[in-house]
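Written out below as structure tokens is the structure these notes cover.
Remember, it's 1-based here, ligands and their atoms both numbered in the order they're listed. Just so it is clear, the values below take in all heavy atoms, side chains as well, and ignore hydrogens, waters and symmetry mates.
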Amino acid sequence: MNYISIKDIDSLSKWVKSAIKIKKNPLKNKKLGKNKTLIMLFFNSSLRTRLSTQKAAINLGMNVMVMNFGSEGWTLEFEDGAVMNSGASEHIKEAAEVVSQYGDIIAIRAFAGLVDKEKDYAETVISGFLKHATVPIVNMESAVRHPLQSLADAITMEEYKTKHKPKVVLSWAPHPRALPQAVANSFVEMMQMQKDMDFVITHPEGYELSPEITKDSKIEYDQNKAFENADFVYVKNWSNFNDYGKVTNSDPNWTVTAEKMALTNNGKFMHCLPVRRNVIVSDEVIDSENSIVIEQANNRTYSAQLVLQKILKKL
Ligand SMILES: CCC[C@H](NC(=O)CCC(=O)O)C(=O)O
Ligand SMILES: NC(=O)OP(=O)(O)O
């Protein structure tokens, strides 16, 4: 069993309930991971994913090895049949098979390069590990998806929802750098699995996410209209998908302010973090009692622990 996409989950409601049960007694399965090793490979920076996934493994009694592959590992070649006479020092085939000798589960973070859309949306890096590794693979944010994050998001909304069918808004906000679409993609895919939520995506025209992700999800180009009567406001920047990897809009009118949150139904503010204060969201909003970003980050441990637990039980 691998965990690459939120769609690897057979029943989101059952997984969310199981994660909340784990949260109530996180050391219940302390023996399950005894003498099993989680290897975490980071091609990019992390705070929450690195610490929460390691904490989850420790809660299950696992050994953990962490490597900053991006700065400490060899440059990898992902093309089969490549003549390796230039940059790459090692082929993914050897790297994945060798790492598989040292661990029982491999977790990988490798962000989108945001240069070659085809390469990124082919999930080249994590697909290379999936193809050549001989142990299960967990996605800690790939080019296209961040399923540990969106499972934690689902757990958090379950804990904080106050009505049967809450209105949930995914809102773009400006950012000075070109960021991946992965977090937004996984949030959309998770929301499409929710049975009783009213979901809308809001962003400037031209900032549509991949239509293969959004499918028939509702899109509202007027942010204020989207915020009206919302119960949850999930905010995330992403770089342009159509003009791939570019920052073509930095409009500060999309920054989430108290005035915009006043349009909601006393809505909760959510963000995966890290967040650029006073660019993505004002201090007033993220410091308000309606902000649940810290509990959302806390739930990353239980999202990861449920995934690892399910994989360990199948080893
Ligand atoms: C969980 C989010 C990870 C990453 N975020 C960033 O790279 C933010 C970097 C910055 O704000 O400088 C992203 O947007 O995918
Ligand atoms: N939300 C999240 O994945 O945070 P990090 O990038 O700090 O791991």
Ring center gap for Y121 and F241 short of 6.0 angstrom: yes

Select all protein residues for which some heavy-atom-to-ligand 2 distance is less than 4.0 Å, and list them by chain and number. S46, L47, R48, T49, R109, H146, Q149, C272, L273, R300

Rounded to the nearest 0.5 Å, the NZ atom of K17 sits from the CD atom of E158 at a distance of 5.5 Å

Roughly how far apart are Y244 OH and S210 OG, rounded to 0.5 Å? 10.0 Å

Apart from M67 itself, which Ile, Leu, Val, Met, Phe, Trp or Tyr residues share its cluster (side-chain heavy atoms under 4.5 Å, direct or through members)? I4, I39, L41, F43, M65, F69, L76, F78, I92, V98, V99, Y102, I106, I108, V125, I126, F129, L130, V135, I137

Other hydrophobic cluster members with V235, side-chain heavy atoms of Ile/Leu/Val/Met/Phe/Trp/Tyr under 4.5 Å, chained? V169, V200, F227, V233, V256, M261, L263, F269, L273, V275, I280, V281, V285, I286, V293, I294

Which bit of F111 is near ligand 1, meaning a heavy atom under 4.0 Å away: side chain, backbone, both or neither? side chain

Measuring from the heavy atoms of [X], does anything fall under 4.0 Å of ligand 1?
X: P180; answer: yes
X: K236; answer: yes
X: L273; answer: yes

Out of [options], who gets a non-hydrogen atom closest to [atom]?
atom: atom 12 (O) of ligand 1; options: R276, M140, R300; answer: R276
atom: atom 2 (C) of ligand 1; options: H175, R109, E141, R48; answer: E141
atom: atom 9 (C) of ligand 1; options: H146, R177, Q181; answer: R177

Taking side-chain hydrogen bond (donor to acceptor under 3.5 Å, both in side chains) as the definition, give me every residue that meets it alongside N139, ordered by chain and number, with sequence neighbours left out. S142

Answer yes or no: is there an ion pair linking D231 with K161, defined by an N-O contact shorter than 4.0 Å? no

If the threshold is 4.0 Å, N to carboxylate O, is there a salt bridge linking E228 and K167? no

Is it true that the side chains of E208 and Y221 contain a donor and an acceptor less than 3.5 Å apart? yes

Measure from NZ or CZ of K236 to the centre of the six-membered ring of F187, then state whether that distance is under 6.0 Å and the direction lies within 45° of the axis. no

Looking only at protein heavy atoms, which one is nearest to atom 7 (O) of ligand 1, and how far off is it? L179 CD2, 3.7 Å

